[in-house]
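First comes the structure, then the notes that go with it.
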Amino acid sequence: MTSKNIYILAIESSCDDTAAAVLLNDKLLSNVVATQDIHQKYGGVVPELASRAHQQNIVPVIHQAIDQANIDKKDITAIAFTRGPGLMGSLLVGTSFAKSLAMGLSVPLIEVNHMQAHILAHFIDEENYSKPEFPFLALTISGGHTQIVKVTDHFEMQVLGQAIDDAVGEAFDKSAKILGMPYPGGPLIDKYAQSGNPKAFKFTKPKVAGLDFSFSGLKTAVLYFIQKQVKENPKFIEENRDDICASIQYTIVEILMDKLKMAVKQTGINQIAIGGGVSANSGIRKTLKEAEKKYGWKTYVPKFEYTTDNAAMIGIVGYYKYLKGDFANLSITAQARYKI
Ligand code: KG4
Ligand code: ZN
C-alpha cells in the first residue's frame, strides 16, 4: 500500500443516474447520485431523455461531491469515469466531461468498466465490513445485466454464465409494469412481496443449460397469468397484489439460487459476493444469509448505497487502477458494449 494520499473524483453516467463521488485512497468521502424521475411515466429509460438529464445534472452533482468531500478541485489526484457498458448517449456525457476535467486539471484519467465496478464495490473501506477474499464468485444483478463471475484478483475476472435475454432487473420491472406499477418496479415488487405469500402462485422456472440465465419466459408467464385472472376477476390484481409480488420474487430468487448452487459445485468456491441494483432486494439478501447456514457459504452483501448505480464503486476501481498506473489516453471513447 502507498502512503500517499490519493484523491479520486469518480463519475458515473451509464444509464439513468448521474453520480459523482470522491475517495481518499479506498475510503469514501462523498457519494452523490441524481436519479432521473422523468423516465417513470414512460415505463422504462428513454435514452434521449437520459443523456439530456445527464447534461443538466453533471455539473451540480460533481460540485456537490467535491463540496461534501470538503476538498478543493486542485486536491484531485486522478479522475475515474465509466467507459461502459451502458447507453451510448449517457456514457458520452460522463466520458466527455471526465476527459475535459482531466485535461483542465492536468491529472491522469482512468477508465472503468461498470460491471467490474459493481463487483469491486465490496472493496470500499467500511467499518465492520470484511472484504471478500480471492477467489470468490460474484453475482452481478442489475437492470442491464445478470452474470456469475469468477473473481481471482481485482482485475482478473471470468464470466461463467450470463443472461441470454432479459436481465433479472428487467424481469422485476416488466412484471411490475404488467401489474400497473411505475418504473422502476423492482423496489415496489420487493416492498409488496414482504407482506405476501411466496407460494400463492406458481410460475415455471426456465430450463437453460449451464450457468446462463433466461428471464424473458417469466415475464410472458406473468403476463398470460394476469390476463387470464383479470378476465375472470377484474379486481384480481388489487385483491392479490402482495401474493403476486411475493410469488414473482420467490421465483426470481429461486432461479438465481439454482445457478449459484451450480456455480459453487462447478468451481468449488463457496464465497459469494453480490452486486448491482437487484442486490438491494430483500428476498435475495435473506436467502443468501440463509445459505450461509444451509450450505456453509460465506456471503457478501454490499451496503445499500453501493447496490444501485453510484460513483463510489467507480472510484474504488479508479483507486486500484491508479496504484497500477493504469491510465487512459485523452483520446479514449465511450463503449456501449464493454466486456469484463
Ligand atoms: O444497477 P442498477 O441501478 O442499474 C443498472 O445498471 O441496470 O440496477 C437497476 C435495477 C432496476 O431494474 C431496479 O428495478 C432493480 O435494479 N432494483 C430492484 C430493487 N432495487 C433496485 N429489484 C428488486 N428489488 C429491489 N429492492
Ligand atoms: Zn449498474
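Both counts, for ligands and for their atoms, begin at 1 and track the order of listing. For the single chain, residues carry numbers from 1 onward in sequence order. Since the model is a prediction, treat every value here as computed from it, not as a measurement.
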Should you measure from each heavy atom of [X], which atoms of ligand 1 turn up under 4.0 Å away?
| X | value |
| --- | --- |
| D190 | 24 (N), 25 (C), 26 (N) |
| G144 | 7 (O) |
| P184 | 14 (O) |
| G169 | 12 (O) |
| H118 | 1 (O) |
| G143 | 5 (C), 7 (O), 8 (O), 9 (C), 10 (C), 12 (O) |

Looking at [atom], what's its closest protein heavy atom, distance included?
| atom | result |
| --- | --- |
| atom 2 (P) of ligand 1 | D309 OD1, 3.3 Å |
| atom 22 (N) of ligand 1 | G186 CA, 3.5 Å |
| atom 24 (N) of ligand 1 | N281 ND2, 2.9 Å |
| atom 17 (N) of ligand 1 | G277 O, 3.6 Å |

Tell me the nearest of D173, T307, I284, V253 to atom 11 (C) of ligand 1, using heavy-atom distances. D173
Looking at I252, V278, T308, the heavy atom closest to atom 15 (C) of ligand 1 belongs to V278
Are side-chain N/O atoms of [X] and [Y] paired as donor and acceptor at under 3.5 Å?
| X | Y | value |
| --- | --- | --- |
| Y338 | H114 | no |
| K74 | Y7 | no |
| N31 | E305 | yes |
| S282 | Q194 | yes |
| D309 | H118 | yes |
| H54 | S13 | no |
| N281 | Q249 | yes |

Which of L288, L256, T140 passes side-chain contact (heavy atoms from CB on, under 4.5 Å) with I274? Answer is L288
Write down the atom of C15, the atom of A50, and the distance for their closest heavy-atom approach. O-CB, 3.8 Å
With heavy-atom distances below 4.5 Å as the criterion, would you say the side chains of N310 and K303 are in contact? no
Measure the distances from the heavy atoms of [X] to every atom of ligand 1 and state whether one is below 4.0 angstrom.
| X | value |
| --- | --- |
| H114 | yes |
| K191 | no |
| P187 | yes |

Name whichever N, O or S atom of [X] ends up nearest to the Zn ion (ligand 2).
| X | result |
| --- | --- |
| H118 | NE2 |
| D309 | OD1 |
| H114 | NE2 |

Is the cationic atom of K131 (NZ for Lys, CZ for Arg) positioned less than 6.0 Å from the six-membered ring centroid of Y300 and within 45 degrees of its normal? no
